[in-house]
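Note on naming: letters A, B, ... go to the chains in the order of the sequence lines (proteins, then strands), and numbering restarts at 1 for each one.
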Number of protein chains: 2
Amino acid sequence: MPYSKDHTQRTRQKILQSAYQLFAAKGFDSVTVNQIMNHCRLTRGAFYGHFKSKADLYNEALQFAVGQTNLSQTKPNETSEKEWLTRLLDDYLSIEHVRGECACPLAFLATDIVTRDRATQKTYSAVFDGMNTAIYNYANRYTRCSKAEVLSLTAMIIGAVAVSRAIKDKQTVLNLLASCRKEAGLKLGGI
Amino acid sequence: MPYSKDHTQRTRQKILQSAYQLFAAKGFDSVTVNQIMNHCRLTRGAFYGHFKSKADLYNEALQFAVGQTNLSQTKPNETSEKEWLTRLLDDYLSIEHVRGECACPLAFLATDIVTRDRATQKTYSAVFDGMNTAIYNYANRYTRCSKAEVLSLTAMIIGAVAVSRAIKDKQTVLNLLASCRKEAGLKLGGI
DNA sequence: ATTTAAATATGACCTTTATCATAATTTAAA
DNA sequence: TTTAAATTATGATAAAGGTCATATTTAAAT
């Protein structure tokens, strides 16, 4: 038998990684299967050995991306919940996040999801729930926070990043991000 | 001379209206010129007599939509600033807004704008500035509100609507909208 | 080294869609 | 009622891109 099980898995991961990066940056329709495969140094022919369709890939890439996120990784253990949330806000509301490639799907794909299939939309909803619940739980270990406060905070940081990507003027973006960072900190017990 | 100046103008408006409605609902790539023209009972042939290209139409439709908005319409005169903001929040954070066709481009097109041309992105940025400035000015006529507070509030309501469109579970959506409505009201002097 | 199943690449197909050329239609004015 | 300029419709063109069929290459196991 050719190719180790490992190699095939690794290739699959590479495709998912490239796919998510490109989808997040440009949305479903503005990315071609070709671009994705070239991005990980393959050609489009190899694609259908790994995935059923472009739509299928999109959904899988979304789930893959979530698995890479802070939320799924650094479960607050050594670092306190407070530190964890501080870092989350700092990272999330940074210009690097807005411009960079390690992107939160909730912000980067917000309107793109609307025209995807039901399964993908379910995935998105689950991600939102996850993020929201995590923030709520962590916050309530060291301060009082209502569910409404946390929900609105989650909407705020997602909105801030989504809008920031669309705005050209850098000064406006920095201002928006800083403002949201400040207000979010106040709401989460002054962090 | 055939067709009154008026008729041509009206047709142009109809195209813009249909275009915005469809673009807001599905994004640039998921809408065809054909669909837009059929939506206002014309065929695609008539299109290029009115607009230079699909991309051009998108930008014009965006500007057209802004002109229809509360922001551009009901300048607080008879109604007080407080009432105006109350209605803005009620409307903006309503399920009807999320599901309906009178849609705010800031929320509905947030990620779609990223892959549009520079001119369109400039338009979007201007709309954001406009909305933000309006809220800031009106709020500060009856309460104290920092720029940071208003910026974060604007991000919040945009984020709430953008995310709500992508979430399938209605109860979650209602919860999110209500939470944001409450927090926004608190921030704008308890409305 | 040879074998061979799996992975990858290449070329082709077919659909979709923006755009244009041209024909048909409309209606204000003569 | 006729005219003519503008609008609208129809048909054609061409490009893009998702998907598939087939050829080629790869490397684990013998």
Once you round it to whole Å, what is the distance between [atom2] of [N] and [atom1] of [X]?
X	N	atom1	atom2	answer
A/His7	C/dA7	NE2	P	9 Å
A/Asp6	D/dT26	CG	C1'	16 Å
A/Leu42	D/dT25	CG	P	16 Å
A/Met37	C/dT8	CE	C1'	8 Å
A/His50	D/dG18	NE2	P	17 Å
B/Ile36	D/dA9	CD1	C1'	18 Å
B/Asn38	D/dT8	CG	P	14 Å

Taking only N/O atoms, report every protein-nucleotides 17-21 of chain C pair under 3.5 Å with atom names and distance.
{"from": "C/dA18", "atom 1": "OP1", "to": "B/Lys54", "atom 2": "NZ", "distance (Å)": "2.9"}
{"from": "C/dA18", "atom 1": "OP2", "to": "B/Val33", "atom 2": "N", "distance (Å)": "3.0"}
{"from": "C/dT19", "atom 1": "OP2", "to": "B/Tyr48", "atom 2": "OH", "distance (Å)": "2.6"}
{"from": "C/dT19", "atom 1": "OP2", "to": "B/Lys54", "atom 2": "N", "distance (Å)": "3.1"}
{"from": "C/dT19", "atom 1": "O5'", "to": "B/Tyr48", "atom 2": "OH", "distance (Å)": "3.1"}
{"from": "C/dT19", "atom 1": "O4", "to": "B/Arg44", "atom 2": "NE", "distance (Å)": "3.1"}

Problem set entry | Partner set under side chain to side chain donor-acceptor pair (under 3.5 Å) for A/Tyr58, not counting sequence neighbours | A/Asp112
For this session: Consider only side-chain N and O atoms of B/Thr120 and B/Asp117, and report whether a donor and an acceptor are under 3.5 Å apart.
Result: yes
Which residues share a ring pair (Phe, Tyr, Trp, His ring centres under 6.0 Å) with [X], sequence neighbours left out:
X	answer
A/His7	A/Tyr3
A/Phe64	none
B/Phe47	B/Phe51

For this session: Taking only heavy atoms on the protein side, list every residue of residues 8-17 of chain B lying under 4.0 Å from any atom of DNA chain D, sorted numerically.
Result: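 Residues of residues 8-17 of chain B that come under 4.0 Å of DNA chain D are, in numerical order, B/Thr8, B/Thr11.
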Problem set entry | Partner residues of A/Val114 under the side-chain contact (heavy atoms from CB on, under 4.5 Å) criterion, sequence neighbours left out |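 By the side-chain contact (heavy atoms from CB on, under 4.5 Å) rule, A/Val114 matches B/Arg165.
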Exercise. Parallel, tilted or perpendicular: which describes the rings of B/Phe23 and B/Phe28, with under 30° parallel and over 60° perpendicular?
Worked result: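 Plane angle under 30°, so parallel.
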Exercise. What is the base-pairing partner of D/dA29, counting Watson-Crick and G-U wobble geometry with both distances under 3.5 Å?
Worked result: C/dT2
Seminar exercise, completed: Contacts of B/Arg181 meeting salt bridge (charged side-chain N to carboxylate O under 4.0 Å, His left out) (sequence neighbours excluded), chain-then-number -> B/Asp90
For this session: Output all residues satisfying salt bridge (charged side-chain N to carboxylate O under 4.0 Å, His left out) with B/Lys187, sequence neighbours left out; order by chain, then residue number.
Result: A/Glu183
